[in-house]
Amino acid sequence: MKVVQRSTFFAVTTKSNLHHFHSSSQRVPISSEHESREFVSRLLDRKWGLQSPASPIQEIGVSSDKGIEKFSFSNNTRPHLGDEMLKRNQDSSFYILRDDLLHPLVNGNKARKLDALLPLLEDYKFTDVVTCGGCQSAHTAAVAVSCAERGLRSHLLLRGEQPEVLTGYNLVSTMYGNVQYVPRSRYANREEMLRTYADLVAGEDGSVLWAKDIVEGLEAVDVAKMDDLSSSKNSGRKVLIVNEGAGDALALLGMFRLVQYLSQDHLLGKTKPVRFVVDAGTGTTTVGLGVAAMCLGLPWEINADTLENYKRHEDRLITEFTRQFPASVLCSGLDMNHMIKWVNRQHPRKFGKVLEGEVEMCQKIAQETGVLVDPMYTLAAWEIAAELVQDEKSSIVVMLHTGGALGMFGLAQRYKPCFTRL
């Protein structure tokens, strides 16, 4: 059995910590790689929300004297890719996948998570979508915009109180969807909250399903529900519940599509040593990239955070994925329970708090490269990528830019002193 070498990994930053996902030495045996790729091909043979999985790839040059605050950057918007990546000079640089450019209002990671779900909303003739999130939730904004583009009604349950001034993702959610603010005590029981509200939207003649109920591998009774939903005979409201952050196994399929796209020979290829840096909130993106890379037999490894909630989320996603896709070669080719190792970030940071100098650093990056990062998520990924290229010259470092520009507006309102100093 050929195993993954620890020369490549994904470095993934969460809202609170950098987490390093190490795929274990378990990799699909060489004899099974063809079967594995066939499974992925069948898995991806479906309708998608995004017209293409492609995003621009740019190369960020990095020079430094001491520390991240001393870095200066440049941006090559048309870099050499494929085999030419290995022939580039040894100057410090990392590549950035501009998923922040996928949609003007929808974050890149949100667009990927919804990529497989959105066509199903239309195929099964749903009329309404219910989901939830924080006051400045990028997820609820993504759902609101995506539903409105398809003529569907979205109902967004936001935690806490309405802000005095609507801005950022909160404003987008309000403009495109139907927003309800929910007390924190009630929001704590998300499942009950979502189901209760969805029942109210559906009314007596309507029907309600969860997102996990409309994927392959369902029991016959659930398939019957799906057939009933897609039938024009049912004239009631047809409501779909999407979990907070779209953290369902269905969201992993968008990551499969992205990994397959990136592994093409003219892009990152299947054999190059790559260090992939990703910022993430719930860990769904992390798990999706890791499972996809393992299933495709790619020599990529991921590092992720040890916080208990992330581990529980990983276990639930993998269990849900293997149950809903039981024919997967993953079930026999990989030890799913030991595929991901979660370790602490070296320098933890608190989510929801802008640290000193972070806004100035975001401004510096924007002015030198034309790339806007935010203090909560993508700045942390950028910093890790910049540090990696200083220490490691033999691997290719790639940052997945998931978006977050709209979040800057909410931060500017909440942390005015940090922005008035600019």
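The shown structure was predicted, so the numbers you read here are calculated from the model rather than taken from an experiment.
Between Gln58 and Val371, the closest side-chain pair of non-hydrogen atoms falls below 4.5 Å. In this structure the side chain of Thr196 reaches within 4.5 angstrom of the side chain of Glu192, judged on heavy atoms. Side-chain contact check for Leu194 versus Cys132: some heavy-atom pair is nearer than 4.5 Å. Under the 4.5 Å side-chain criterion, counting only non-hydrogen atoms from C-beta, Arg275 is not in contact with Val389. Using a 4.5 Å cut-off on side-chain heavy atoms (C-beta onward), Tyr181 and Pro163 make contact.
Proximity of a side-chain donor or acceptor of Thr131 to a complementary backbone N or O of Val242 within less than 3.5 Å is detected. Put simply, the side chain of Lys270 never gets that close to the backbone of Leu296: no donor and acceptor are under 3.5 Å apart. The backbone N or O of Asp248 sits nowhere less than 3.5 Å from a side-chain atom of Asn243 that would complete a donor-acceptor pair. Distance alone, capped at 3.5 Å, is enough to place a donor-acceptor pair between the Tyr187 side chain and the Gly133 backbone. Looking at Asn178, its side chain does come within 3.5 Å of a backbone N or O of Ser154 through a donor-acceptor pair. Formation of a donor-acceptor pair under 3.5 Å by the Ser93 side chain with backbone atoms of Gly61 is not found in this model. At distances below 3.5 Å, not a single donor-acceptor pair connects side-chain atoms of Arg150 with backbone N or O atoms of Pro119. Side-chain atoms of Asp374 come within 3.5 Å of backbone N or O of Tyr377 as a donor-acceptor pair. No donor-acceptor distance shorter than 3.5 angstrom exists from the side chain of Lys238 to the backbone of Tyr124, with no hydrogens or angles considered. Side chain of Gln260 to backbone of Arg257: no donor-acceptor contact under 3.5 angstrom is found.
Every residue two or more places apart in sequence or in another chain that forms a side-chain hydrogen bond (donor to acceptor under 3.5 Å, both in side chains) with Glu161 is listed here: Arg184. By the side chain to side chain contact (heavy atoms under 4.5 Å, CB included) test, Thr167 is found to be paired with Gln136, Phe409, Gln413, residues two or more places apart in sequence or in another chain being considered. In this structure, Asp265 has no side-chain hydrogen bond (donor to acceptor under 3.5 Å, both in side chains) partners at least two apart in sequence or on a different chain. Taking Asp128 as the reference, Arg153, His155, Arg237 meet the side-chain hydrogen bond (donor to acceptor under 3.5 Å, both in side chains) condition, with sequence neighbours excluded. Remark: Tyr169 engages no residue in a ring pair (Phe, Tyr, Trp, His ring centres under 6.0 Å) (not counting sequence neighbours). Scanning for side-chain hydrogen bond (donor to acceptor under 3.5 Å, both in side chains) contacts around Asn76 gives an empty result, with sequence neighbours left out.
For the atom pair Leu101 CG and His401 NE2, the distance stands at 8.0 Å (nearest 0.5 Å). In this structure, the separation between CZ on Arg159 and CE on Met193 is 9.5 Å, given to the nearest 0.5 Å. To the nearest 0.5 Å, atoms CD1 (Ile57) and CZ (Arg98) are separated by 12.0 Å. To the nearest 0.5 Å, atom CG of residue Leu411 and atom CE of residue Met376 are 5.0 Å apart. Between the CZ atom in Arg112 and the CH2 atom in Trp48 there is a gap of 10.0 Å [rounded to 0.5 Å]. Taking CG from Asp115 and CG from Leu258, the interatomic distance works out to 9.5 Å, rounded to the nearest 0.5 Å.
Only one option out of Leu121, Val208, Thr127, Asp213 pairs with Leu240 in a side-chain contact (heavy atoms from CB on, under 4.5 Å); it is Leu121.
In terms of heavy-atom proximity, Gly247 sits nearest to Thr284 at CA-OG1, 3.6 Å. Leu158 and Gly134 get closest at one heavy-atom pair: CD2-O, 3.5 Å. Closest of all the heavy-atom pairs between Ala141 and Val172 is CB-CG1, 3.9 Å. Between Glu360 and Arg421, the shortest heavy-atom distance links the atoms OE2-NE, 3.8 Å.
When only modelled atom types and interatomic distance are considered, Glu149 and His103 share a side-chain donor-acceptor pair under 3.5 Å.
Residues Glu191 and Arg195 are not paired through a salt bridge, judged by the lack of any N-O separation under 4.0 Å between the basic side chain and the carboxylate.
Using bins of under 30°, 30° to 60° and over 60° for the plane-to-plane angle, the ring pair Trp382/Phe94 lands in the perpendicular bin.
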*Dump the intermediate steps for side-chain contact (heavy atoms from CB on, under 4.5 Å) on Thr378 and Thr402, then the final yes or no.*
CA-CA 7 Å; Thr378 47; Thr402 56; 3.9 Å; yes
*Candidate pair Phe71 and Glu383, rule side-chain contact (heavy atoms from CB on, under 4.5 Å), full reasoning*: CA-CA 10 Å; Phe71 284 164; Glu383 290 174 339; over 6 Å; no
*asked:* Please determine whether side-chain contact (heavy atoms from CB on, under 4.5 Å) holds for the pair Phe276 and Leu262, giving the CA-CA distance in whole Å, both sets of side-chain angles, and the decisive distance to 0.1 Å.
replied: CA-CA 11 Å; Phe276 213 115; Leu262 291 175; 3.7 Å; yes
*Stepwise side-chain contact (heavy atoms from CB on, under 4.5 Å) check, Tyr176 with Leu105*: CA-CA 11 Å; Tyr176 285 84; Leu105 297 175; 3.3 Å; yes
